[in-house]
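Working notes, beginning with the structure itself.
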Amino acid sequence: MNWKSRRFSGTVSLTDKGSEVTLYGWVDTIRDHGQLLFIHIRDRSGVLQLVFDPEYNKQSYDIAQTLRSEDVIEAIGTVIERDDAAKNPHLPTGSIEIHIKSIKRLTKALTPPFIITEKELKDGEEKAEFNVDEDIRLQYRYLDLRRPSMQQHLFKRYRILKVIRDYLDKEGFIEVETPVLTKSTPEGARDYLVPSRTHEGHFYALPQSPQLFKQLLMVGGFERYFQVVKCFRDEDLRPNRQPEFTQLDMEASFIDETFIYNLIEPLITKAFEIGDIKLEGPFPHITYQESMDKYGCDRPDLRFGLEMINVTEIFKNTSYKIFQSISQSNGLIKGINIKGMADQMSKSMLQEDLAKKVIPSLGAKGMTWMKVLDGKLESNIVQFLSEDEQKNIIQQLDGQNGDVLIFIADTDHALVNDVLGRFRLYIANRLNIIPKNVYKACWVVDFPLYERKDGRLHSVHHPFTTPKVDITKITDQDELLKVTAIAYDIVVNGEELGGGSIRIHDPNIQSKIFKDLGLTPEQIEQKFGFFINAFKYGTPPHGGLAIGVDRLTSMVLGLENIREVIAFPKNRVAYCPMTQAPSPVTDDQLSDLHIRTQLTPKPESK
RNA sequence: GGGGGCGUAGCUCAGCUGGUUAGAGCGCCUGCCUGUCACGCAGGAGGUCGACGGUUCGAGCCCGUUCGUCCCCGCCA
């Protein structure tokens with residue numbers, strides 16, 4: 001390999017005119033014209049046209065005729081400027097070509113199962129969409145990765161992480177690795193377990209996050225730590241979830257939440273700059289409560305309005321039966337104003353599609369709609385509303401001509417928020433009112449410390465999160481549910497990119513939390529004994545945050561799917577079509593691990 | 001764990017009310033072609049219609065089971 005004089009195809013340009021270049025790469029495309037043959041050579045830098053002419057070099061031409069797509073070649077030739085008519089403006093190297101004096105096939109390639117080349121298209125035509133079943137792409141991931149767009153995804157992922165590492169380095173953070181074989185922790189997602197050979201009947205767990213270790217690094221006095229680290233959760237997958245995923249994990253000592261905000265905003269901004277996206281700062285802070293009230297979820301999409309407004313009071317004494325009974329039984333009525341969409345939303349769409357199909361599928365019983373026309377409300381139920389009620393509605397929802405008002409009412413407050421919040425996103429998508437190429441970041445702060453599930457308290461964030469008030473004296477569950485925590489999420493365009501908290505460094509508060517969560521002293525000792533113990537030896541106040549690298553990268557690159565920015569992801573059912581993992585192992589391996597499998601018997605068919 | 005969609009050529013898909021020899025585009029192979037870059041032209045190969053069972057004179061199509069995959073919900077401190 002003549003790697004010393006090798007040139008990368010995409011870097012050859014007009015300035016190299018007349019010089020001889022040595023190229024290595026793959027055959028991207030072949031166009032055989034009889035007595036003239038063109039080949040595009042592709043390497044990681046780009047594509048370049050090679051010209052084979054028997055009058056120029058008969059031997060090279062003869063070899064070129066035997067080449068096929070994806071053969072690996074060495075090509076040596078002279079850089080020539082193309083005639084003006086032959087220039088290709090769609091190719092970065094389209095004004096030059098290489099007249100070949102020597103061509104060698106280094107390896108032969110089978111015909112790939114799908115097309116790898118991403119040819120440039122002619123004017124006015126859409127870029128051909130790459131549309132191959134994802135399982136086939138994953139089965140031949142090494143071929144999929146050869147596609148220029150996939151290479152760009154991973155190049156940019158590297159670039160984002162490089163920018164982040166450089167920034168954190170400058171801020172005095174150091175990267176420390178933490179164990180992958182660790183202890184199973186209670187609560188949270190299911191652990192991936194790893195049986196121990198040397199400790200019969202005992203198991204390691206793969207970390208769901210390095211949470212405990214990064215806090216112990218703070219006890220260890222490192223003060224500023226970060227890590228780009230794989231985390232593992234054995235839960236059912238979703239389009240944007242992987243069983244193993246990458247987090248940018250961070251922790252710092254002697255800081256408060258404002259340190260985190262000041263640290264992370266430039267970090268996120270720099271990351272988005274890799275995708276040529278400018279984020280407007282400072283990022284607004286929205287409390288959890290405000291986010292739930294206005295947007296019905298804890299990760300608000302701020303790119304468009306449609307804020308939810310509580311109108312329960314207006315209908316306290318209404319004669320519209322549904323609203324009357326709901327408002328009088330302590331229910332909740334909320335509305336959104338879809339500005340200027342009266343023409344786009346026909347009565348049949350509102351009544352037959354949205355009210356009868358969409359809203360029930362979101363989980364609510366019904367929906368009430370009104371249009372604002374000529375300063376008045378118009379709908380199928382408006383005759384049940386008094387003049388005052390109509391006036392108040394228009395006023396509170398800022399109703400103007402052409403607006404459409406949508407209301408959801410239910411005795412279950414959480415249901416109203418949830419359904420209207422999801423409807424807000426649904427209708428914004430359907431009516432195309434989400435602006436393109438707009439990115440809105442925000443902090444969601446003041447999360448509740450606890451939530452209630454099946455009558456028991458659970459941590460909203462995790463059990464090491466500092467409450468905003470002294471909870472050591474609070475015993476009543478309803479009172480505890482009102483307590484907020486110093487916990488924060490970073491949200492962009494309605495997607496949670498990361499979150500964190502200021503941690504507890506006071507052992508008394510920590511043990512109170514464990515008690516509230518219903519852990520017995522024995523359980524605490526067994527699960528967290530080492531952790532509690534460490535905190536007795538002088539723990540600095542500390543806090544941190546973790547960012548989902550896969551999500552961040554896919555958003556920066558404008559991609560829907562995190563698998564596009566992961567070299568070797570698992571599919572939807574946590575299976576790898578390429579390696580066929582997971583797979584059975586030999587009895588000897590199991591025996592070494594003191595494990596016997598017991599498969600659930602399949603019911604006999606017939 | 002619950003609900004829904006899909007499975008036909010290497011890839012992406014069409015296939016009528018159940019009826020002769022299952023089609024298209026791309027890719028692949030052969031030949032022709034001196035300026036293409038989604039080259040063009042002519043010809044050709046390529047199918048266990050996911051699998052199993054059933055209904056029927058007859059099944060790619062209808063029914064059942066099963067496998068695979070995708071989407072939604074549960075789940076993801």
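What you see is a predicted model, and the numbers here were worked out from it, not measured in a lab. Naming: A, B, ... by sequence-line order, numbering from 1 per chain.
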Query raised in the report: How many Å lie between CG on Asn88(A) and P on rC37(B), as a whole number?
Result: 9 Å
Query raised in the report: Are a donor atom and an acceptor atom from the side chains of Asn240(A) and Glu495(A) found within less than 3.5 Å of each other?
Result: yes
Requested in this report: May I ask you to check whether Ser149(A) and Glu118(A) show a side-chain donor-acceptor distance below 3.5 Å?
Outcome: yes
Report summary line: From CG of Leu67(A) across to P of rC28(B) the rounded distance in Å is 13 Å
Query raised in the report: Pick from His505(A), Gln215(A), Lys214(A): which one makes a side-chain hydrogen bond (donor to acceptor under 3.5 Å, both in side chains) with His542(A)?
Result: Gln215(A)
**Report entry** Pairwise C1' distance, rC33(B) and rA42(B) [rounded to whole Å]
**Finding:** 11 Å
Report summary line: Winner on side-chain proximity to Arg422(A), out of rC71(B), rC76(B), rC73(B), is rC73(B)
Requested in this report: Can you spot which of Trp443(A), Phe447(A), Tyr295(A) makes a ring pair (Phe, Tyr, Trp, His ring centres under 6.0 Å) with Tyr288(A)?
Outcome: Phe447(A)
Query raised in the report: Closer than 4.0 Å, any side-chain N/O of Arg68(A) to the OP1 or OP2 of rC29(B)?
Result: yes
Query raised in the report: Counting side-chain heavy atoms from C-beta on, which of rG35(B), rG27(B), rC71(B) comes nearest to Glu97(A)?
Result: rG35(B)
Query raised in the report: When all nucleic acid strands are considered with a 4.0 Å heavy-atom cut-off, which category describes Val51(A): base, sugar-phosphate, or nothing?
Result: nothing
**Report entry** Nearest-nucleotide 5' precedence on RNA chain B, His462(A) against Asn571(A)
**Finding:** Asn571(A)
Query - Check ion pair Asp28(A)-Arg42(A) (N to O, under 4.0 angstrom) - result: yes
Query raised in the report: Can a donor-acceptor pair under 3.5 Å be found between the side-chain atoms of Gln49(A) and the base atoms of rU36(B)?
Result: yes
Query - Interatomic distance where CD1 belongs to Ile116(A) and P belongs to rG27(B) [whole Å] - result: 14 Å
**Report entry** Between P of rU36(B) and CG of Asp32(A), the distance in whole Å
**Finding:** 15 Å
Report task. Determine the interatomic distance between P on rC61(B) and the same-named atom on rG19(B); round to the nearest Å. Result -> 11 Å
Requested in this report: Nearest whole angstrom, please: distance from the C1' of rG10(B) to the CG of Asp144(A).
Outcome: 16 Å
Query raised in the report: How is Val573(A) classified with respect to the nucleic acid when contacts are heavy atoms under 4.0 Å: base, sugar-phosphate, or nothing?
Result: sugar-phosphate
Query - Distance, rounded to the nearest Å, where Asp28(A) contributes CG and rG27(B) contributes P - result: 13 Å
Requested in this report: In whole angstrom, give the distance that lies between atom CD of Glu560(A) and atom P of rC70(B).
Outcome: 17 Å
**Report entry** Nucleotide of rU36(B), rU69(B), rG27(B) approaching Phe38(A) most closely (side-chain heavy atoms)
**Finding:** rU36(B)
**Report entry** Phosphate OP1/OP2 of rU36(B): any Arg31(A) side-chain N/O under 4.0 Å
**Finding:** no
Query raised in the report: Among rC13(B), rG27(B), rG35(B), which nucleotide sits nearest the side chain of Asn131(A)?
Result: rC13(B)
Requested in this report: Would you please confirm or rule out a distance under 4.0 Å between OP1 or OP2 of rC73(B) and any side-chain N or O of Arg238(A)?
Outcome: yes
Query raised in the report: Which of these nucleotides, rC71(B), rC28(B), rC11(B), is closest to any side-chain atom of Ile136(A)?
Result: rC11(B)
Requested in this report: Take atom P in rC6(B) and the same atom in rC13(B), then report the distance between them in whole Å.
Outcome: 13 Å
Query raised in the report: Within the structure shown, what part of the strands sits under 4.0 Å from Glu496(A) by heavy-atom distance: base, sugar-phosphate, or nothing?
Result: nothing
Query raised in the report: Do Glu251(A) and Tyr225(A) get their side chains close enough for a donor-acceptor pair, meaning under 3.5 Å?
Result: no
Query raised in the report: When you check the phosphate oxygens OP1 and OP2 of rC76(B), does a side-chain N or O of Lys453(A) lie under 4.0 Å from one of them?
Result: yes
Query - Donor + acceptor pair across side chains of Gln227(A), Thr178(A) (<3.5 Å) - result: yes
Query raised in the report: Which base sits across from rC62(B) as a Watson-Crick or G-U pair, both distances under 3.5 Å?
Result: rG54(B)
Requested in this report: Using a heavy-atom cut-off of under 4.0 Å over every strand shown, decide if Pro239(A) touches base, sugar-phosphate, or nothing.
Outcome: sugar-phosphate
Query raised in the report: Under 6.0 Å between the ring centres of His33(A) and Phe38(A)?
Result: yes
Query raised in the report: Would you say the ring centroid of Phe535(A) lies under 6.0 angstrom from that of Phe528(A)?
Result: no
**Report entry** Nucleotide forming a Watson-Crick or wobble pair with rC6(B), both distances under 3.5 Å
**Finding:** rG68(B)
Query raised in the report: Which listed nucleotide (rU34(B), rU36(B), rC76(B)) is nearest to the side chain of Arg233(A)?
Result: rC76(B)
Query raised in the report: Under 3.5 Å, is there a donor-acceptor pair between the Arg146(A) and Gln151(A) side chains?
Result: no
Query raised in the report: In the strands shown, is rC16(B) matched to any nucleotide by a Watson-Crick or G-U wobble pair with both distances under 3.5 Å, and which?
Result: none
Query raised in the report: Can you tell me how far P in rC41(B) sits from the matching atom in rU36(B), rounded to whole Å?
Result: 15 Å
Query - Separation between the P atoms of rA51(B) and rC11(B), rounded to whole Å - result: 15 Å
Report task. Please check if the side chain of Thr182(A) supplies one atom and the backbone of Pro179(A) the other of a donor-acceptor pair under 3.5 Å. Result -> no
Query - Whole-angstrom distance between rC62(B) and rC76(B), as gauged at atom P - result: 39 Å
Query raised in the report: Between rG50(B) and rU8(B), how far is it from one P atom to the other, in whole Å?
Result: 6 Å
Report summary line: From the candidates rU12(B), rU34(B), rC71(B), the one with an atom nearest any side-chain atom of His33(A) is rU34(B)
Report task. Quickly work out the Tyr426(A) OH to rC72(B) P distance and round it to whole Å. Result -> 15 Å
Query raised in the report: Taking the same atom, C1', in rG64(B) and in rG23(B), what whole-Å distance lies between them?
Result: 30 Å
Query raised in the report: Base, sugar-phosphate, or nothing for Asp236(A), non-hydrogen atoms under 4.0 angstrom?
Result: base
Query raised in the report: Base, sugar-phosphate, or nothing: which does Arg241(A) touch, judged by heavy atoms less than 4.0 Å apart?
Result: base
Report summary line: When Asn561(A) and His99(A) are each assigned the nearest nucleotide of RNA chain B, the 5'-most assignment goes to His99(A)
Report summary line: Each nucleotide of nucleotides 2-9 of chain B classed B (base within 4.0 Å of a protein heavy atom), S (only sugar-phosphate) or -, in 5' to 3' order, makes --------
Query raised in the report: Looking for any heavy atom pair under 4.0 Å, which part of the strands does Glu55(A) touch: base, sugar-phosphate only, or nothing?
Result: base
Report task. Pick base, sugar-phosphate or nothing for Asp133(A), based on heavy-atom distances below 4.0 Å to the nucleic acid. Result -> sugar-phosphate
